[in-house]
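First the structure, in the form of structure tokens, and then the observations on it.
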Amino acid sequence: MSPKQGTPKKNLMLFSGGAHRELAEEVAQHLNVTITPQTAHTFANGELFVRFEESVRGTDAFVIQAHTTPINEYVMEQLIMVDALKRASAKRITVVMPFYPYARQDKKHKGREPISARLIADLFKTAGADRIMTVDLHTAQIQGFFDGPVDHLMAQTVLADHIKATYGNADITVVSPDSGRVRLAEKWAAQLGDRPIAFIHKTRDPDKPNQAVANRVVGKVEGKLCVLIDDMIDTGGTIVKATEALIDEGAADVVIATTHGILSDPATQRLSSCKAREVIVTNSLPIPEEKRFPGLTVLSIAPMLAEAIQQVFEDGSVTSLFDGNA
């Protein structure tokens with residue numbers, strides 16, 4: 001007896017956690033799909049429950065979640081969603097996490113410390129994730145923590161295009177907030193038209209999180225429009241001190257550009273009162289109205305996420321979206 005021939009078909013389904021529904025809806029609109037309906041509730045003791053209301057058997061599933069406060073609850077919600085998809089026979093599960101949780105804990109500074117970024121990767125692999133899609137990791141080495149494909153998307157193009165359109169004629173210097181991001185500053189400088197770079201030499205006490213001391217500026221910034229770049233702003237202390245150091249060195253103006261606007265208190269107060277002309281972030285994390293202030297610009301990464309999802313679904317090239325630099 002010969003085997004029965006079937007017609008293989010691919011079916012993309014999009015799923016959204018509860019942290020940032022607006023971003024998921026925008027991605028769905030660009031993909032021309034709807035978010036799969038689900039039932040979700042929390043038991044009296046805080047346990048989460050999720051059930052999808054449509055069959056997901058054989059589907060190519062993409063699960064979007066923003067890891068914002070309370071971060072542990074939203075990590076658990078996404079893990080439960082992945083587990084539900086695995087047990088419902090989804091063919092492939094891609095975890096879309098624009099902001100990778102616990103990314104700052106990517107190595108041990110001292111003995112008896114965790115490497116929590118690796119733990120996150122292990123948790124999602126165990127839950128049933130086949131692939132991870134994320135944006136601007138704190139350190140690129142985190143890609144190696146997950147045993148499977150990791151699509152590391154770059155929001156630099158989104159941010160740089162806005163800067164070119166707004167400040168393209170200015171005398172720009174790209175500034176890294178520390179020596180560790182000089183190579184990223186070089187990529188920014190090239191994308192903005194071969195601009196000069198500088199960096200802030202700073203120290204940080206590993207026993208005191210969210211605290212840094214900006215020491216001195218390395219590079220020429222006097223009279224320049226300084227584009228100060230970073231991957232995230234949490235409490236804003238580091239970036240504000242860097243801004244003050246640049247102004248003290250004679251910078252004509254400072255524009256802050258970052259991917260992930262965590263904006264934990266007192267970031268909004270610090271940024272709104274600092275001397276930066278503009279603070280540019282993406283919507284990789286939700287930024288509620290109470291965290292917004294004059295001078296804050298929020299750019300959308302939904303078109304980039306949608307294009308990457310489409311490429312993964314069609315077995316295309318994600319790297320090509322970033323000119324081979326992904």
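Computed from a prediction, not measured in an experiment: that's the story for all the values here.
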Any ion pair linking Asp315 and Lys10 (charged N to carboxylate O, less than 4.0 Å)? yes
Quick one: salt bridge (charged side-chain N to carboxylate O under 4.0 Å, His left out) pairs with a partner in residues 149-160, sequence neighbours left out? Arg131-Asp151
Name all pairs fulfilling the ring-ring contact (aromatic ring centres under 6.0 Å, His included) condition that reach into residues 279-303, sequence neighbours left out, sorted by first residue then second. none
Distance-only side-chain donor-acceptor flag, Asp231 / Thr259, under 3.5 Å: no
Assigning hydrophobic clusters by single linkage (Ile, Leu, Val, Met, Phe, Trp, Tyr; side-chain heavy-atom cutoff under 4.5 Å), is Val221 placed with Ile200? yes
Side-chain donor-acceptor contact under 3.5 Å, Thr42 with Glu47: no
Filter on side-chain hydrogen bond (donor to acceptor under 3.5 Å, both in side chains), then keep only pairs touching residues 63-72, sequence neighbours left out; what's left? Gln65-Glu77, His67-Gln78, Asn72-Tyr102
With sequence neighbours left out, what residues match Ser300 under side chain to side chain contact (heavy atoms under 4.5 Å, CB included)? Glu26, Asn283, Ala302, Pro303
Are any side-chain N or O atoms of Arg195 and backbone N or O atoms of Leu192, one a donor and one an acceptor, separated by less than 3.5 Å? yes
In this structure, are over 12 heavy atoms from other groups packed under 6.0 Å from Lys275 atom NZ? no
Indicate whether any N or O donor in one side chain lies under 3.5 Å from an N or O acceptor in the other, for Gln156 and Gln191. yes
Begin from the C-alpha positions of Ile132 and Thr94 and carry the test side-chain contact (heavy atoms from CB on, under 4.5 Å) through to its verdict. CA-CA 6 Å; Ile132 286 179; Thr94 300; over 6 Å; no
Among residues at least two apart in sequence or on other chains, which ones pass salt bridge (charged side-chain N to carboxylate O under 4.0 Å, His left out) with Lys107? none
Note: His138 and Met232 closest approach over all heavy atoms is ND1-CE, 3.8 Å
Hits for ring pair (Phe, Tyr, Trp, His ring centres under 6.0 Å) against Phe146, two or more places apart or cross-chain, chain-then-number order -> none
When you check the side-chain N and O atoms of Ser264 and Asp234, is any donor under 3.5 Å from an acceptor? yes
Hey, is Asp122 close enough to Lys125 for a salt bridge, meaning N to O under 4.0 Å? no
So, Phe199 versus His201, ring centres under 6.0 angstrom or not? no
Would you say the side-chain atoms of Thr36 and Glu54 include a donor-acceptor pair closer than 3.5 Å? no
I'd like to know if the side chain of Glu25 pairs up with that of Gln29 as donor and acceptor (distance under 3.5 Å, no hydrogens or angles considered). no
